[in-house]
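Below is one structure, written out as structure tokens, with a few remarks after it.
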Amino acid sequence: MPEGNTILRLARAHNRDLAGRRVAVSAAQKRFAKEAERLDGRVFERAEARGKHLFHHWRGGPIVHVHLGRFGDFYRRDPPPPPPRPSVRMRLATRDATWDLIGPPTCEFVTKEECAAILARLGPDPLSARPDAERVFERLRRTDAPIAHALLDQRILSGVGNIFRAEALFVDGIHPLRPASSLTPGELGRLWATVRRMMRRSVAQRRTFTIEPADRPPGRRQSGARSFYVYQEEQCLRCGGRIRSFPLSGRTMYACETCQPRPSGRTAARLKRSAGSR
DNA sequence: CGATTATGATTAA
DNA sequence: TAATCCTAATCGC
């Protein structure tokens with residue numbers, strides 16, 4: 001259940017547990033058995049996260065490319081680890097920690113060149129140190145598709161998934177169906193900042209959680225607290241109105257159409273004029 | 001027990 | 001657009 005924040009968090013955890021260490025590698029499924037055998041006992045050099053892609057670099061050359069899709073996940077087991085479930089694609093074990101990879105559509109060896117090719121087709125990652133925001137804006141300016149669709153396009157920017165697209169657009173009060181090209185420079189700048197802020201915060205947190213401090217109810221924080229503004233919610237946290245959900249780019253989109261007005265023809269024209277006159 | 005749903009993405013037609 | 005890959009939890013019968 002991963003967007004870029006989860007992948008980055010996993011990469012960091014793998015580096016903490018595995019980097020520089022000799023690792024026992026195994027697989028409960030046949031389809032990774034050969035690869036596991038080849039890796040078994042090698043030294044894990046480092047994990048690298050880009051967008052929703054994860055790479056494991058091993059001493060001696062092999063690179064493992066993992067993409068978790070919608071269902072894939074890594075589970076950390078304390079010693080002694082339980083016997084692997086039949087669905088374990090790849091198990092990475094040291095004396096101190098065991099990582100089980102379950103359900104990824106992609107877990108494969110790649111060459112350095114293939115690795116570079118994967119990275120080359122990804123847009124800037126809002127979680128990287130100095131992402132090229134201008135490149136993202138430039139792409140969005142010439143995209144007629146709805147902004148909520150464009151945010152999922154990994155060639156434009158990488159790492160945003162269905163939760164962050166809905167949550168960021170809500171926070172900035174932008175209707176998901178507005179063409180990406182209709183956003184003003186100010187809106188683009190704020191949206192990018194919101195995405196970075198939300199995702200960055202969600203790397204540090206144990207679970208994905210987008211509600212900003214200013215919107216959190218006062219008092220103690222409790223584990224059962226609401227996590228999202230609109231994603232899979234019924235009622236808007238800010239105005240109390242009903243959250244609408246509808247399919248968009250093959251996924252379920254959520255929005256509060258009071259807090260995220262769809263500009264009328266007139267408003268849209270005014271926005272466009274002010275965008276052009278800057 | 002089957003249907004449904006879930007933070008994704010590629011390939012074929 | 002449709003079919004495909006991948007797993008687990010939940011709900012209704």
Side-chain angles (χ1 to χ4, degrees), chain A residues 1-11 13 27-33 35-36 49-55 64-77 82-91 99-108 110 114-115 117-123 125-127 145-146 148-171 176 194-196 198-211 226-234 243 245-255:
Chain A
M1 310 106 86
E3 296 186 27
N5 63 310
T6 306
I7 306 304
L8 181 53
R9 191 191 308 141
L10 282 170
Q29 298 178 322
K30 271 218 275 285
R31 59 185 140 185
F32 198 70
E35 290 85 346
R50 292 291 196 88
K52 299 170 188 169
H53 296 258
L54 179 67
F55 299 92
V64 176
H65 171 223
V66 175
H67 196 293
L68 296 180
R70 267 183 299 184
F71 317 134
D73 208 353
F74 276 98
Y75 298 87
R76 188 185 191 279
R77 319 286 191 194
R85 294 194 201 201
S87 54
V88 170
R89 184 76 59 84
M90 175 173 74
R91 166 170 279 199
W99 284 93
D100 282 342
L101 170 61
I102 308 284
T106 306
C107 175
E108 60 184 4
V110 291
E114 288 165 331
C115 180
I118 292 163
L119 297 182
R121 57 172 201 254
L122 294 177
D125 181 345
L127 287 174
H149 176 84
L151 286 174
L152 289 188
D153 187 337
Q154 305 295 302
R155 296 167 302 184
I156 299 180
L157 73 170
S158 59
V160 170
N162 203 30
I163 291 181
F164 285 108
R165 74 160 172 174
E167 297 290 292
L169 288 172
F170 171 83
V171 164
T194 298
V195 166
R196 290 199 77 195
M198 271 187 171
M199 294 189 71
R200 197 162 281 290
R201 189 151 37 218
S202 271
V203 176
Q205 292 156 181
R206 186 152 307 188
R207 69 193 172 113
T208 301
F209 181 98
T210 59
I211 298 178
R226 178 165 167 174
S227 297
F228 305 119
Y229 290 101
V230 294
Y231 178 75
Q232 287 186 335
E233 293 292 347
E234 302 266 310
I243 303 297
S245 65
F246 52 93
L248 183 55
S249 37
R251 326 291 298 282
T252 306
M253 180 68 208
Y254 301 84

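Labels below follow one simple rule: chain letters A, B, ... track the order of the sequence lines, proteins then strands, and each chain is numbered from 1.
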Can you measure A:Q29 atom CD to C:dC6 atom C1' for me and round it to whole angstrom units? 9 Å
Going by the rule salt bridge (charged side-chain N to carboxylate O under 4.0 Å, His left out), which residues pair with A:R200 if we only count those two or more places apart in sequence or in a different chain? none
Looking at A:T106, does any N or O in its side chain come under 4.0 Å of the phosphate oxygens OP1/OP2 on C:dC6? no
Taking atom CG of A:L68 and atom CG of A:L54, what is their separation to the nearest 0.5 Å? 7.0 Å
In whole Å, what is the span from the CG atom of A:L152 to the C1' atom of B:dA9? 11 Å
Please list, chain by chain and in numerical order, all residues satisfying side chain to side chain donor-acceptor pair (under 3.5 Å) with A:S158, sequence neighbours excluded. none
Between the base of C:dC6 and the ring of A:F71 - centre-to-centre under 5.5 Å, planes within under 30° - is that a stack? no
Any luck finding a side-chain donor-acceptor pair between A:S249 and A:R165 under 3.5 Å? yes
Which residues pass the ring-ring contact (aromatic ring centres under 6.0 Å, His included) test with A:H65, not counting sequence neighbours? A:H53, A:F55
Gap between atoms CD and C1', on A:E3 and B:dT7 respectively (whole Å): 4 Å
Counting only side-chain heavy atoms from C-beta out, which of C:dA8, B:dA9, C:dT7 sits nearest to A:R31? C:dT7
For A:R31, which residues count as a salt bridge (charged side-chain N to carboxylate O under 4.0 Å, His left out) partner, sequence neighbours excluded? none
Secondary-structure stems for DNA chain B, with pairs counted as Watson-Crick or G-U when both distances are under 3.5 Å and runs at least 3 long: B:1-6 with C:7-12, B:8-12 with C:1-5
Listed partners of A:R91 passing salt bridge (charged side-chain N to carboxylate O under 4.0 Å, His left out), at least two apart: A:D100
Whole-Å distance, A:R70 CZ to B:dT7 P, equals 7 Å
Please tell me if A:R9 has a side-chain N or O lying less than 4.0 Å from either OP1 or OP2 of B:dT7. no
Is A:K52 near enough to B:dA9 that one of its side-chain N or O atoms lies under 4.0 angstrom from OP1 or OP2? yes
Round to a whole Å and report the spacing from CE of A:M253 to P of B:dA6. 14 Å
A:L68 CG to B:dT7 C1': how many Å, rounded? 11 Å
Here the distance between atom C1' of B:dA9 and atom NE2 of A:H67, to the nearest Å, is 6 Å
Nearest-neighbour nucleotide for the A:Q154 side chain, C:dC5, C:dT7, B:dA9 considered: B:dA9
